[in-house]
A.B. asks: 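Pasting a structure below so you can have a look.
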Amino acid sequence: MTTAASALFTHVPPYAGDPILSLMESFQADTRADKVSLSIGVYFDNAGRLPMLPSVRRAETALLSNIGPRPYLPIEGMAAYRSAVQTLLLGAEHEAVTGGRVATLQTLGGSGALKVGADFLHRYYPESNVWVSDPTWENHHAMFAGAGLKVDTYPYYDPATGGLRFDAMLAKLRTLPRHSVVLLHACCHNPTGVDLSDAQWQELIPVLRDGGLIPFVDIAYQGFGDGLVEDTFALRAMADAGLQFLIANSFSKNFSMYGERCGGLSVVCADRATTEAVLGQLKATVRANYSTPPTHGARVIERVLNDAELFAMWTAETAEMRGRIRAMREQLHAALNAIFQGRHNVDYLLSQRGMFSYTGLNKTQVAQLRDDHAVYLVGSGRLCVSGLTTDNVEHVARAMAAVME
């Protein structure tokens, strides 16, 4: 017998699952000894393990000597953490920072920063659309649409060259209505690995400013491109040019602290009074969502960022991770060139940056890699470079060559 109570929620469809996380479940169930995961966006060391950074270990160990009560943090998060975020992104001496023009929240990872920012924008610019690169990280679409914003795309990746459609990108952005939100990747573009050069950022900034657009910059891989400071070029150039914009940053990758969910949302405003108002409304947005951020991971990160010795250690550690990613790009490029002997151009592996490369492989080829060779990529052909090691790179090269020829 069906009652009104038992019929509740029967209309809810099953969840199809996140494509990347579902792929990881398939990888875990695969019993082949030579399996390789190049799918999920996580940094692994050359042994294929998630690293524990020495700077993080030292900071966390020091905190153990001062264990105490765990009160709620303020809605906006730890003051020392938030100040460190501003310094890391814009520099301690930047006028936007010293002039009190940056409203910063401690957030639940970079995803939390994007979601709070999306909710804030929808409230104060409800008629604005969000424009994201074609392609972009799939969850950008889901989070902005989930906040009630309409999501469109602007030209970005050129499959013919493995590079950037910069002229088409500028042409499209020049047509957007004022107050359109433009989602940009500061460095290490996900999923393509294709970034704007410094000169291209300088050409883009007047388009954003003159068009009255609202840039929302995602920086999830700071330190994995050219360096911790170098990867913030776009942020500092925008602030120098007087733009008002949002920044979502993540510490998951560059601190290897994925499960602690540490990030930040910063809004660069025109003046101190506007900053105070914006911070207040950001706090109201958080209060209506998860109320306050967690403590532990933020304490560890704040200690590393604000201690000169630990910061120097962490800087060296990010350089080591960045160097390993570049070395794996070079080794895969060399291995494929040795096989192809000029039949296929894989130079995109060297021009793209960060953890990801767009291989150009189609869904059929990706399925062949998985089924025939135990090499796992996401359906778009995105390859996570940090999943490569000196032990598996030749196997991956042979597998890729097999499905490409």
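As a basis for the values below, the full set of heavy atoms in this structure was taken, side chains included, without hydrogen atoms, waters or symmetry mates. By convention here, the first residue in the shown sequence is residue 1.
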A.B. asks: Any side-chain heavy atom of Ile325 sitting closer than 4.5 Å to one from Met355?
C.D. replies: yes

A.B. asks: Among Asp195, Thr192, Thr136, exactly one meets side chain to side chain donor-acceptor pair (under 3.5 Å) together with His185. Which residue is that?
C.D. replies: Thr136

A.B. asks: Quick check against the 3.5 Å criterion: does Asn289 have a side-chain atom that pairs as donor or acceptor with the backbone of Val116?
C.D. replies: no

A.B. asks: Can you give me the closest heavy-atom contact between Cys187 and Asp231, atom names plus distance?
C.D. replies: SG-CB, 3.6 Å

A.B. asks: Please check if the side chain of Glu230 supplies one atom and the backbone of Gly225 the other of a donor-acceptor pair under 3.5 Å.
C.D. replies: no

A.B. asks: Determine whether Tyr156 and Leu164 make a side-chain contact, defined as any pair of heavy atoms from C-beta on separated by less than 4.5 Å.
C.D. replies: yes

A.B. asks: Do the side chain of Gln86 and the main chain of Ser83 share a donor and acceptor less than 3.5 angstrom apart?
C.D. replies: no

A.B. asks: Can you run down the ring pair (Phe, Tyr, Trp, His ring centres under 6.0 Å) pairs that involve residues 240-278, sequence neighbours left out, and say none if there aren't any?
C.D. replies: Tyr81-Phe251, Phe251-Phe255, Phe255-Trp314

A.B. asks: Considering only heavy atoms from C-beta outward, does the side chain of Arg303 approach that of Val300 to under 4.5 Å?
C.D. replies: no

A.B. asks: Would you check, one step at a time, whether the test side-chain hydrogen bond (donor to acceptor under 3.5 Å, both in side chains) holds for Arg299 with Thr295?
C.D. replies: CA-CA 6 Å; Arg299 291 181 69 200; Thr295 303; over 6 Å; no

A.B. asks: Please list all pairs passing the salt bridge (charged side-chain N to carboxylate O under 4.0 Å, His left out) test where one or both residues lie in residues 99-128, with sequence neighbours left out.
C.D. replies: Glu95-Arg101, Lys115-Asp119

A.B. asks: Flag the pair Val346 / Met400 as yes when at least one side-chain heavy-atom distance between them is below 4.5 Å, and no otherwise.
C.D. replies: no

A.B. asks: Please confirm whether Tyr157 and His189 have ring centers closer than 6.0 angstrom.
C.D. replies: no

A.B. asks: Can you find a heavy atom in the side chain of Val385 that is under 4.5 Å from one in the side chain of Gln352?
C.D. replies: no

A.B. asks: Do Ser128 and Arg178 pair up side chain to side chain, a donor and an acceptor below 3.5 Å, judged on atom types alone?
C.D. replies: no

A.B. asks: Return the CZ to OH distance between Phe224 and Tyr43, rounded to the nearest 0.5 Å.
C.D. replies: 7.0 Å

A.B. asks: Could you walk me through whether Met238 and Leu184 satisfy the side-chain contact (heavy atoms from CB on, under 4.5 Å) test, starting with their C-alpha distance in whole Å, then the side-chain angles of each, then the deciding distance to 0.1 Å, before giving a yes or no?
C.D. replies: CA-CA 12 Å; Met238 286 184 183; Leu184 299 159; 3.7 Å; yes

A.B. asks: Does Arg382 reach the main-chain N or O of Ser39 with its side chain, forming a donor-acceptor pair under 3.5 Å?
C.D. replies: yes

A.B. asks: Looking at Arg353 and Asp226, is any side-chain nitrogen of the basic one under 4.0 Å from a carboxylate oxygen of the acidic one?
C.D. replies: yes

A.B. asks: Can you give each donor-acceptor pair under 3.5 Å made by side-chain atoms of residues 199-219, sequence neighbours left out, with the distance rounded to 0.1 Å?
C.D. replies:
| unit_1 | atom_1 | unit_2 | atom_2 | d |
| --- | --- | --- | --- | --- |
| Gln200 | OE1 | Ser197 | N | 2.9 |
| Gln200 | OE1 | Ser197 | OG | 3.4 |
| Asp218 | OD2 | His140 | NE2 | 2.8 |

A.B. asks: Do Tyr376 and Leu23 touch side chain to side chain, with heavy atoms closer than 4.5 Å?
C.D. replies: yes

A.B. asks: Keeping Asn362 on the side-chain end and Gln365 on the backbone end, is there a donor-acceptor pair under 3.5 Å?
C.D. replies: yes

A.B. asks: Can Glu302 and Asn306 be counted as having a side-chain donor-acceptor contact under 3.5 angstrom?
C.D. replies: yes

A.B. asks: Looking at CE of Met24 and OG of Ser22, how far apart are the two atoms once the value is rounded to the nearest 0.5 Å?
C.D. replies: 11.0 Å

A.B. asks: Given 3.5 Å as the limit, does a donor-acceptor pair link the side chain of Arg322 with the main chain of Gly223, or not?
C.D. replies: yes

A.B. asks: Does the pair Arg49/Asp45 count as a salt bridge with the N-to-O cut at 4.0 Å?
C.D. replies: yes

A.B. asks: Quick check against the 3.5 Å criterion: does Asn190 have a side-chain atom that pairs as donor or acceptor with the backbone of Trp137?
C.D. replies: no

A.B. asks: Where do Ser252 and Arg261 come nearest, in terms of heavy atoms and distance?
C.D. replies: OG-NH1, 3.2 Å

A.B. asks: Near Glu138 CD, under 6.0 Å, is it more than 12 heavy atoms from other residues, nucleotides or ligands?
C.D. replies: no

A.B. asks: Does either side chain, that of Asp240 or that of His94, offer a donor lying less than 3.5 Å from an acceptor on the other one?
C.D. replies: yes

A.B. asks: Okay, side chain of Arg324, backbone of Thr389: is any donor-acceptor separation there less than 3.5 Å?
C.D. replies: no

A.B. asks: Are Thr390 and Asn46 close enough that a side-chain donor and a side-chain acceptor fall under 3.5 Å?
C.D. replies: yes

A.B. asks: Using only atom types and a distance under 3.5 Å, with no angle test, would you say the side chain of Asn392 pairs donor to acceptor with the backbone of His395?
C.D. replies: no

A.B. asks: Got a second to check how far Ile247's CD1 is from Leu265's CG, nearest 0.5 Å?
C.D. replies: 9.0 Å

A.B. asks: Is the closest side-chain heavy-atom distance between Ser256 and Leu50 below 4.5 Å?
C.D. replies: yes

A.B. asks: I'd like to know if the side chain of Glu317 and the backbone of Ser55 have a donor-acceptor N/O pair within less than 3.5 Å.
C.D. replies: yes

A.B. asks: Does some side-chain heavy atom of Val102 sit less than 4.5 Å from a side-chain heavy atom of Leu89?
C.D. replies: no

